[in-house]
**Student:** 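One structure, pasted below without further comment.
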Amino acid sequence: IVMTVKVTVTGAAGQIGYALLFRIASGQLLGADTPVTLSLLEIPQAVKAAEGTAMELDDCAFPLLRGIEISDDPAKAFDGANIALLVGARPRTAGMERGDLLQANGGIFGPQGKAINDHAADDIRVLVVGNPANTNALIAQSAAPDVPAERFTAMTRLDHNRALSQLSAKLRVPVSEIRKMTIWGNHSATQYPDLFHAEVGGKIAAEQVEEDWLRDTFIPTVAKRGAAIIEARGASSAASAANAAIDHVHDWVNGTPEGDWTSAAIPSDGSYGVAEGIISSFPVVSKNGRWEIVQGLEIDAFSRTRIDASVQELIDERDAVRELGLI
Ligand code: NAX
């Protein structure tokens with residue numbers, strides 16, 4: 001018997017939600033053989049809009065979609081959930097200090113973590129998309145002591161895909177010829193997209209580009225791509241973010257291809273000198289439904305400085321939420 005998988009999406013009425021739900025319902029998240037039930041969590045003011053999206057989902061008559069639930073109560077929305085995509089978050093508004101931002105998000109991700117702890121299925125897997133994603137994931141994780149810590153992850157797959165695309169354009173090769181791209185650290189402007197382990201045609205990517213392009217164009221273009229999208233579109237990345245969330249969960253559940261890896265922010269076990277416990281992006285493979293950090297990579301001084309700077313930012317965020325009593 002094929003079990004129906006319950007997928008909970010928070011912020012379901014938002015723009016990423018709108019780009020995400022139809023792809024989940026069509027089978028792109030888990031595969032064409034897996035029926036899904038969608039659970040949409042929204043704040044009370046947005047429940048009506050979520051109902052509208054649910055009407056459109058109905059109107060697609062997706063064969064794999066076995067039900068849609070809508071709620072503004074996390075306890076209900078996460079009840080029996082197998083996969084949780086935490087998209088809804090409190091954005092930074094003008095004049096907001098980092099402490100205010102973390103506090104506001106603590107008020108969202110703490111209770112959601114607790115609801116996951118108390119109500120989700122035993123095999124729950126959580127992907128945090130809402131920013132600041134890594135630290136929001138840490139907050140949710142620490143509110144869910146009964147769920148294995150490794151089930152809480154944050155999304156750097158969009159950054160990873162952006163890095164693939166930039167390198168593909170630079171070297172005029174299809175994305176499919178690039179292997180072993182890595183995003184290290186925080187999903188923020190300090191992230192480090194690493195070309196020293198990426199391979200194109202079996203050769204190290206960093207050796208196929210000019211050093212100044214790598215340093216002065218590639219790294220900042222990838223790290224600041226989100227801002228460039230806002231500038232061009234007048235709205236933040238939505239379809240590409242939804243696509244990355246699909247990629248992340250798809251690979252987590254189904255595994256990464258042999259001979260390649262991807263990037264995901266997962267709880268650090270201390271690998272590569274990254275402080276244990278913080279949720280930091282690493283080169284990862286997925287095997288038997290679990291992420292594993294790729295081991296044994298040599299990190300040169302150029303990469304070390306950049307990884308350390310991004311990890312330091314995550315440590316600072318962790319210390320700040322600790323001081324606020326959020327973890
Ligand atoms: P929108 O503002 O369009 O939608 C957010 C939705 O979340 C709204 O419908 C809102 O009502 C809902 N919401 C707020 N608080 C909630 C709560 N407590 N429970 C349930 N729902 C709640 O934002 P959108 O463009 O969809 O972006 C969502 C989040 O993704 C933002 O935090 C954004 O910064 C983040 N992003 C993360 C990316 C990543 O790579 N990790 C990239 C894209 C995106 O910027």
Side-chain angles (χ1 to χ4, degrees), residues 8-21 39-54 69-78 81 84-93 96 101-116 126-137 139-140 143 152-163 183 185-191 193 222-231 233-249 262-266 279-281 314:
T8 302
V9 178
T10 77
Q15 52 153 4
I16 295 175
Y18 194 76
L20 187 56
L21 292 165
S39 169
L40 280 43
L41 178 66
E42 259 296 350
I43 53 174
Q45 311 84 283
V47 162
K48 186 151 186 252
E51 285 168 358
T53 304
E69 300 162 14
I70 303 166
S71 180
D72 58 10
D73 176 1
K76 279 191 197 141
F78 292 114
L85 301 171
L86 309 188
V87 179
R90 175 70 165 82
R92 189 190 286 262
T93 39
M96 207 177 188
L101 180 75
L102 295 172
Q103 183 83 58
N105 280 293
I108 296 173
F109 289 86
Q112 289 183 359
K114 178 153 190 357
I116 287 169
V126 182
L127 170 62
V128 176
V129 175
N131 283 319
N134 303 51
T135 297
N136 287 341
I139 293 169
F152 285 85
T153 66
M155 189 166 93
T156 52
R157 186 62 171 262
L158 178 54
D159 308 301
H160 178 98
N161 288 342
R162 287 166 171 166
I183 305 292
N186 200 1
H187 168 67
S188 76
T190 67
Q191 67 176 265
V222 173
K224 294 178 190 160
R225 185 72 166 177
I229 300 281
I230 293 173
E231 175 69 26
R233 215 172 77 85
S236 57
S237 317
S240 56
N243 177 69
I246 297 271
D247 285 350
H248 177 115
V249 173
T262 187
S263 305
I266 67 171
I279 297 186
S280 185
S281 188
L314 286 170

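All figures in this text were calculated on a predicted structure; none of them were measured in a lab. Order of listing sets the numbers, starting from 1, for every ligand and every atom in it. Side-chain atoms are counted along with the backbone in the values below, which use heavy atoms only and exclude waters and symmetry mates.
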**Student:** Does a donor on one side chain and an acceptor on the other come within less than 3.5 Å for Thr8 and Glu69?
**Tutor:** no
**Student:** What protein heavy atom lies closest to atom 43 (C) of ligand 1? Include the residue and the distance to one decimal.
**Tutor:**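 Nearest neighbour among protein heavy atoms for atom 43 (C) of ligand 1, to 0.1 Å: Ala241 CB, 3.6 Å.
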**Student:** Out of Leu41, Val9, Asp159, Ile16, who gets a non-hydrogen atom closest to atom 20 (C) of ligand 1?
**Tutor:**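 Heavy atom nearest to atom 20 (C) of ligand 1 belongs to Leu41.
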**Student:** Could you verify whether a donor N or O on one side chain and an acceptor N or O on the other, from Ser263 and Arg157, lie under 3.5 Å apart?
**Tutor:** no
**Student:** Just which atoms of ligand 1 are under 4.0 Å from any heavy atom in Ser237?
**Tutor:**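 Listed by number with element, the hits are 43 (C).
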**Student:** Any nitrogen or oxygen of Asn131, main chain or side chain, under 3.5 Å from a nitrogen or oxygen of ligand 1?
**Tutor:** yes
**Student:** Of all the non-hydrogen atoms in the protein, which one sits nearest to atom 37 (C) of ligand 1, and at what distance?
**Tutor:**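 Ranking protein heavy atoms by distance from atom 37 (C) of ligand 1, first comes Val129 O, 3.0 Å.
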**Student:** Among side-chain atoms of Asn161 and Asp247, is any donor-acceptor pair under 3.5 angstrom?
**Tutor:** yes
**Student:** Side chains of Asn186 and Gln191 only: does a donor on one sit below 3.5 Å from an acceptor on the other?
**Tutor:**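 Result is no, nothing qualifies.
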**Student:** Side chains of His248 and Thr153: donor-acceptor distance under 3.5 Å anywhere?
**Tutor:**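 Yes, because at least one side-chain N or O of His248 sits under 3.5 Å from a partner of the opposite role on Thr153.
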**Student:** Mark up the atoms of ligand 1 that fall under 4.0 Å of a heavy atom belonging to Ala13, in ascending order.
**Tutor:** 9 (O)
**Student:** Please name the pair of heavy atoms, one in Ile108 and one in Arg90, separated by the smallest distance, quoted to 0.1 Å.
**Tutor:** CD1-N, 3.7 Å
**Student:** Does the residue Ala238 have a heavy-atom contact with ligand 1, meaning some pair of atoms that are separated by less than 4.0 Å?
**Tutor:**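 False for this residue.
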**Student:** Within the 4.0 Å heavy-atom shell around Ser236, which atoms of ligand 1 are there?
**Tutor:** 25 (O)
**Student:** Would you give the length of the straight line joining atom CG of Asn131 to atom OG of Ser236, rounded to the nearest 0.5 angstrom?
**Tutor:**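 Output value for this atom pair is 9.0 Å.
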**Student:** Please state which protein non-hydrogen atom is closest to atom 5 (C) of ligand 1 and give its distance, to 0.1 Å?
**Tutor:**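 Result for atom 5 (C) of ligand 1: Gly14 CA, 4.1 Å.
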**Student:** Report yes if Leu158 has an N/O atom closer than 3.5 Å to an N/O atom of ligand 1; otherwise report no.
**Tutor:**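 It does not: no N or O of Leu158 is found under 3.5 Å from an N or O of ligand 1.
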**Student:** Quick one: does Phe152's side chain get under 4.5 Å of Ile116's, heavy atoms only?
**Tutor:** yes
**Student:** When you measure from atom 13 (N) of ligand 1 to each heavy atom in Gln15, Glu42, His248, which option holds the nearest one?
**Tutor:** Glu42
**Student:** For ligand 1, does Val87 get within less than 4.0 Å through its side chain, its backbone, both, or neither, judged by non-hydrogen atoms?
**Tutor:**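 It is both backbone and side chain that touch ligand 1.
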**Student:** Do His187 and ligand 1 have an N or O pair less than 3.5 Å apart?
**Tutor:** yes
**Student:** Note the single closest protein heavy atom to atom 21 (N) of ligand 1, along with its residue, its atom name and the distance in Å.
**Tutor:** Gly11 N, 3.2 Å
**Student:** With side-chain contact (heavy atoms from CB on, under 4.5 Å) as the test, would you mind laying out the steps for Leu85 and Leu20 before giving the verdict?
**Tutor:** CA-CA 10 Å; Leu85 301 171; Leu20 187 56; 3.8 Å; yes
**Student:** Of the non-hydrogen atoms in Asn134 and Ala265, which two are nearest, and what is the gap between them?
**Tutor:** ND2-CB, 3.7 Å
**Student:** Return the minimal non-hydrogen interatomic distance between Ala244 and Leu158, and the atom names on each side.
**Tutor:** CB-N, 3.4 Å
**Student:** Using every non-hydrogen atom in the two residues, find where Pro91 and Ala89 come nearest and quote the distance to one decimal.
**Tutor:**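 Taking Pro91 first and Ala89 second, the nearest heavy atoms are CD-O, 3.3 Å.
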**Student:** Below 4.0 angstrom from a heavy atom of Gln112, which ligand 1 atoms are there? Numbered from 1 as shown, please.
**Tutor:**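 In order of number, 17 (C), 18 (N), 19 (N).
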**Student:** Show the atoms of ligand 1 that are less than 4.0 angstrom away from any heavy atom in Ala89.
**Tutor:**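 Contacts of ligand 1 toward Ala89, numbered from 1: 32 (O).
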**Student:** With heavy atoms only and a cut-off of under 4.0 Å, state how Arg157 meets ligand 1: side chain, backbone, both or neither.
**Tutor:**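 No part of Arg157 comes within reach of ligand 1.
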**Student:** Looking at atom 2 (O) of ligand 1, is any protein heavy atom nearer than 4.0 Å to it?
**Tutor:**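 Protein heavy atoms within 4.0 Å of atom 2 (O) of ligand 1 - there are none.
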**Student:** Please report which non-hydrogen protein atom sits nearest to atom 17 (C) of ligand 1, along with the residue it belongs to and the distance in Å to one decimal place.
**Tutor:**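 Going by distance alone, atom 17 (C) of ligand 1 is nearest to Ile43 CG2, 3.6 Å.
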**Student:** How far is atom 18 (N) of ligand 1 from its nearest protein heavy atom, and which residue and atom is that?
**Tutor:** Ile108 CG2, 3.5 Å
